[in-house]
Amino acid sequence: MSTKTTIAHVGDFAGQAVTLEGWLYNKRSSGKIQFLQVRDGTGFIQCVAVKSEVGEEVFAACDSLTQESSLRVTGLVRADDRAPGGYELTVQHVEAIQISHEYPITHKEHGVDFLMEHRHLWLRVPRQRALLRIRAEVERAVADFLDGHGFTRVDSPALTPSSCEDTTELFQTQYFDQEAYLTQSGQMYMEAAAMALGKVYSAGPAFRAEKSKTRRHLIEFWMIEPEMAFVEHEENLKIQEQFVAHIVKHVLNHCESELHTLGRDIQALSRVEAPFPRMSYDEAIDWLQKHDFDIQWGDDFGSPHETALANQFDRPLFIERYPTAIKAFYMQPDPNRPEVVLCADMLAPEGYGEIIGGSQRIHDYALLKQRFEEHKLPEDTYAWYLDLRKYGSVPHSGFGLGLERTIAWICGIEHIREAIAFPRTLYRLYP
RNA sequence: UCCUCGAUAGCUCAGCGGUAGAGCAUCCGACUGUUAAUCGGAGGGUCGUAGGUUCGAAUCCUACUCGGGGAGCCA
């Protein structure tokens, strides 16, 4: 009799017979011996079939297996120093569940377009498995930290009647006989929820119809948006750095083998501890001007600016107090300097760009109403948002963390599209 | 939207004015420790689309289509 188990647990059955269910990742044969590389989602193991031991029938069954055929294999678990995972399986019996014909993704090189066209199969390779495992652990770390700090998860709507910010482009759709838009941020809804529950967060997709095609952009990406009543700028930043440091530490503690699969520099990640370095917008402009960048006070940073600033440090960098004129309408002006707002962007090291944008929000009714007029925003669709400043308004702050950018940085990958199972990029909606 | 690079076998690419090529994958054969296994053989192509130059175009020119990277903008 054999016990059904998974590759991750074969070590518990050394010397015993087990049955594994999975897929053939690769096969090498030498006429009278075959090496089957089997994966089952939990790991990889090499199964060895020797013709003189298994007999003609089982050996032929092994021979019939092709790349990515699904199978059930029974054999003896054997510790072996030559095996990357420490164990091999000596095959006793093999059952093909389905034979795969001409699997498109070989073990050779492939181009990005081809791989993206076959994303549904590309997910099966060790690298993509590692990325999805780490993504799941990042999401777990997010929930652990926020739930442990008194936050309540509140889910925001995907269909909205209007934009939350006035700049970026929206995906328009029909809501019966009304126009509607896919959400680009749940922030305003989280502000409402924070007045009900104190500390809240949303976690879900955001949609931006921008024609951006860089390694940092997705059309559909996930944002984690905490919002906190009675929290002001300084405390907002402290929570953000603890939050990000916690996520990185969690991944280091739970995803060692996955980071190894990706070839990530563990040392670089282990230096990510709070507090994070900070620069004011003013200091950043000075620094850039001293380093021959053509930029003036009042200009927004471009990607090259952000990369140069962030690359000075081995952990994320806060840049705070940007000019009011270039930031979102809802941001709270610095009481001592109304020309700047109490906001901060968190820039990841190594050129991964902005992973958090956050701010203290305007809580004064008159000032927010004035901003609506300045930005020519339709007051009827935002009446509820103004209401929050009419009925028990309090200072509050929040931020949005870009999940895929955070994952891309932690994993050290070239392109953000690998940080989500089925990326929506410019000009690609399939699969 | 702009800049830039690309499109040749299932995949990755070479060929850049004179008969369409290689490696891998597939199929057949050999091999008892392979680990991107190796070795021998076979099949596999309207050279992205449309036009133009030329005796002759995968190759040069024009337009278009699709895609990669970047800028802007953003998380």
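Please read all numbers here as calculations on a predicted model, not as lab measurements. In what follows, every heavy atom counts, from backbone to side chain, and hydrogens, waters and symmetry copies are set aside. Lettering of chains follows the sequences in order, A, B, ..., and the numbering in each one begins at 1.
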Is there a donor and acceptor pair, one atom on the side chain of [X] and one on the base of [N], closer than 3.5 Å?
X	N	value
A:Ser30	B:U38	no
A:His217	B:C73	yes
A:Gln34	B:U34	no
A:Glu88	B:G33	yes
A:Ser212	B:C73	yes
A:Arg428	B:C66	no

Do [X] and [Y] sit within salt-bridge range, that is, some charged N less than 4.0 Å from a carboxylate O?
X	Y	value
A:Arg39	A:Glu68	yes
A:Arg129	A:Glu258	yes
A:Glu350	A:Arg264	yes

Is [N] paired to anything, Watson-Crick or G-U wobble with both distances less than 3.5 Å, and if yes, which nucleotide?
N	value
B:A71	B:U1
B:G33	none
B:A42	B:U26
B:C66	B:G6
B:U54	none
B:U19	none

Specify the separation, in whole Å, of atom [atom1] of [X] and atom [atom2] of [N].
X	N	atom1	atom2	answer
A:Asp300	B:C74	CG	P	6 Å
A:Gln187	B:A75	CD	P	10 Å
A:Leu115	B:G10	CG	C1'	14 Å
A:Leu121	B:G10	CG	P	18 Å
A:Phe301	B:G72	CZ	P	13 Å
A:His107	B:C24	NE2	C1'	12 Å
A:Lys213	B:C74	NZ	P	20 Å
A:Glu210	B:A75	CD	C1'	10 Å

Less than 4.0 angstrom between a side-chain N/O of [X] and OP1 or OP2 of [N], yes or no?
X	N	answer
A:His415	B:G69	yes
A:Ser303	B:G72	yes
A:Arg417	B:G69	yes
A:Arg216	B:A71	yes

Using the [atom1] atom in both, what is the distance from [N] to [M], to the nearest Å?
N	M	atom1	result
B:C61	B:A42	C1'	41 Å
B:A9	B:G45	C1'	6 Å
B:G44	B:C64	P	38 Å
B:U53	B:U65	C1'	23 Å
B:G41	B:G23	P	10 Å
B:A14	B:G6	P	10 Å
B:G29	B:G21	P	28 Å
B:U8	B:G67	P	15 Å

Between A:Gly400 and A:Phe35, which is nearer to the 5' end of RNA chain B once each is assigned its nearest nucleotide?
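Checking each residue's closest nucleotide, the 5'-ward one belongs to A:Phe35.
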Between A:Met346 and A:Val50, just flag the one whose closest nucleotide in RNA chain B comes earlier from the 5' side.
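Result: A:Val50.
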What nucleic acid atoms does [X] come within less than 4.0 Å of, heavy atoms only: base, sugar-phosphate, or nothing?
X	value
A:Thr406	nothing
A:Gly302	sugar-phosphate
A:Ser52	base
A:Ile105	nothing
A:Tyr427	sugar-phosphate

Look at the side chain of [X] and the backbone N and O of [Y], then say whether any donor-acceptor pair between them is shorter than 3.5 Å.
X	Y	value
A:Arg315	A:Glu273	yes
A:Gln98	A:Ser70	no
A:Arg127	A:Leu262	no
A:Glu339	A:Pro323	no
A:Thr66	A:Ser100	yes

For the side chain of [X], starting at C-beta, report the closest nucleotide among [options].
X	options	result
A:Lys108	B:G33, B:G72, B:A36	B:A36
A:Glu354	B:G33, B:A75, B:U12	B:A75
A:Pro304	B:G72, B:U12, B:C74	B:G72
A:Asn26	B:C11, B:U1, B:A36	B:A36

Under 30°, 30 to 60°, or over 60°: which ring-plane class applies to A:Tyr25 and A:His107, parallel, tilted or perpendicular?
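Because their plane-to-plane angle is over 60°, the rings of A:Tyr25 and A:His107 count as perpendicular.
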Planes under 30° and centres closer than 5.5 Å, is that true for A:Phe221 with the base of B:A75?
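Answer is yes, a stack.
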Based on the glycosidic angle (syn within 90° of 0, else anti), state the conformation of B:U46.
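This nucleotide is in syn.
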